[in-house]
Undergrad: 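Handing you this structure, nothing more for now.
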Amino acid sequence: QVQLVESGGGLVQAGDSLRLSCAASGRPVSSDTMGWFRQKPGKEREFVAGITWNGGRTGYADAVKGRFTISRDNAKSMLYLRMNSLKPEDTAVYYCVLSWKSIDTIPVVIHEYEYWGQGTQVTVSS
């Protein structure tokens with residue numbers, strides 16, 4: 001079993017930056033694809049960004065490309081999401097996810113990720 005715990009969310013103004021962190025525990029995650037999803041109020045969860053096991057590949061949703069950067073530190077079992085130039089439409093609960101089946105790919109669909117954190121709220125005011 002893997003436990004994922006997000007942190008770093010909060011209330012910011014449009015144009016500000018935030019860095020989300022995700023701490024993984026329970027077993028090593030250095031062989032797994034990890035990523036971030038988000039859920040806006042009244043909407044379904046959507047893919048934000050993903051990263052393969054060694055950081056060799058990353059993928060982003062079009063809405064965040066060029067503003068968000070995903071990274072990981074396997075030695076610390078940590079995943080990060082640096083969010084720059086935040087917009088009110090980025091307001092959502094952000095979830096850390098892990099896919100142990102995705103050896104070197106970055107799925108963008110919910111059911112491909114077996115483990116989810118509890119989420120951290122990001123609110124961007126205009």
Undergrad: Hey, any chance Tyr80 and Leu86 share a hydrophobic cluster, counting ILVMFWY side chains that come within less than 4.5 Å of each other, even indirectly?
TA: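 Different hydrophobic clusters.
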Undergrad: Could you tabulate the donor-acceptor pairs under 3.5 Å formed by side-chain atoms of residues 101-113, not counting sequence neighbours?
TA:
residue : atom : partner : partner atom : Å
Ser102  : OG   : Ser99   : OG           : 2.7
Tyr113  : OH   : Pro107  : O            : 2.7

Undergrad: Which residue pairs pass the disulfide (SG to SG under 2.5 Å) test with at least one member in residues 77-126, sequence neighbours excluded?
TA: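 Listed by first then second residue: Cys22-Cys96.
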Undergrad: May I have all residue pairs that pass side chain to side chain donor-acceptor pair (under 3.5 Å) and include part of residues 68-79, sequence neighbours excluded?
TA: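 The answer is Arg72-Asn74.
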Undergrad: Strictly under 6.0 Å, is that where the ring centroids of Phe47 and Trp36 end up?
TA: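 No.
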Undergrad: What distance do Leu79 atom CG and Asp32 atom CG have between them, rounded to the nearest 0.5 Å?
TA: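 Going from the CG atom of Leu79 to the CG atom of Asp32 covers 11.5 Å.
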Undergrad: Could you grab the distance from atom OG of Ser126 to atom NZ of Lys87, nearest 0.5 Å is fine?
TA: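 Rounded to the nearest 0.5 Å, the OG-NZ separation comes to 14.0 Å.
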Undergrad: Of Arg45, Glu44, Glu46, which meets side-chain hydrogen bond (donor to acceptor under 3.5 Å, both in side chains) against Gln39?
TA: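 With Gln39 as partner, Arg45, Glu44, Glu46 yield a single side-chain hydrogen bond (donor to acceptor under 3.5 Å, both in side chains), made by Arg45.
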Undergrad: Using 0.5 Å steps for rounding, measure from the CD atom of Gln1 to the CD atom of Glu114.
TA: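 Between Gln1 CD and Glu114 CD, I get 11.0 Å after rounding to 0.5 Å.
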Undergrad: So how far is it from Leu11 CG to Thr91 OG1, rounded to the nearest 0.5 Å?
TA: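 Leu11 atom CG to Thr91 atom OG1 measures 8.5 Å (nearest 0.5 Å).
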Undergrad: Rounded at 0.5 Å granularity, tell me how far CZ in Arg38 sits from CG in Leu81.
TA: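 CG of Leu81 is found 9.5 Å from CZ of Arg38.
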Undergrad: Does anything in residues 23-54 form a disulfide (SG to SG under 2.5 Å)? List the pairs, not counting sequence neighbours.
TA: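 Sorted result for residues 23-54: empty, none.
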Undergrad: Checking one residue: Trp53. Which other hydrophobic residues are in its cluster under the side-chain 4.5 Å linking rule?
TA: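 Under the 4.5 Å side-chain rule, Trp53 groups with nothing.
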Undergrad: Is it true that Val48 and Leu20 fall in one hydrophobic cluster, defined by side-chain heavy atoms closer than 4.5 Å?
TA: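 The answer is yes; both residues are in one hydrophobic cluster.
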Undergrad: Give the table of side-chain donor-acceptor pairs shorter than 3.5 Å for residues 58-68, with sequence neighbours excluded, one pair per line with atom names and distance.
TA:
residue : atom : partner : partner atom : Å
Tyr60   : OH   : Ile70   : N            : 2.9
Asp62   : OD1  : Lys65   : NZ           : 3.2
Arg67   : NH1  : Ser85   : O            : 3.0
Arg67   : NH1  : Asp90   : OD2          : 2.7
Arg67   : NH2  : Ala63   : O            : 2.9
Arg67   : NH2  : Asp90   : OD1          : 3.0
Arg67   : NH2  : Asp90   : OD2          : 3.4

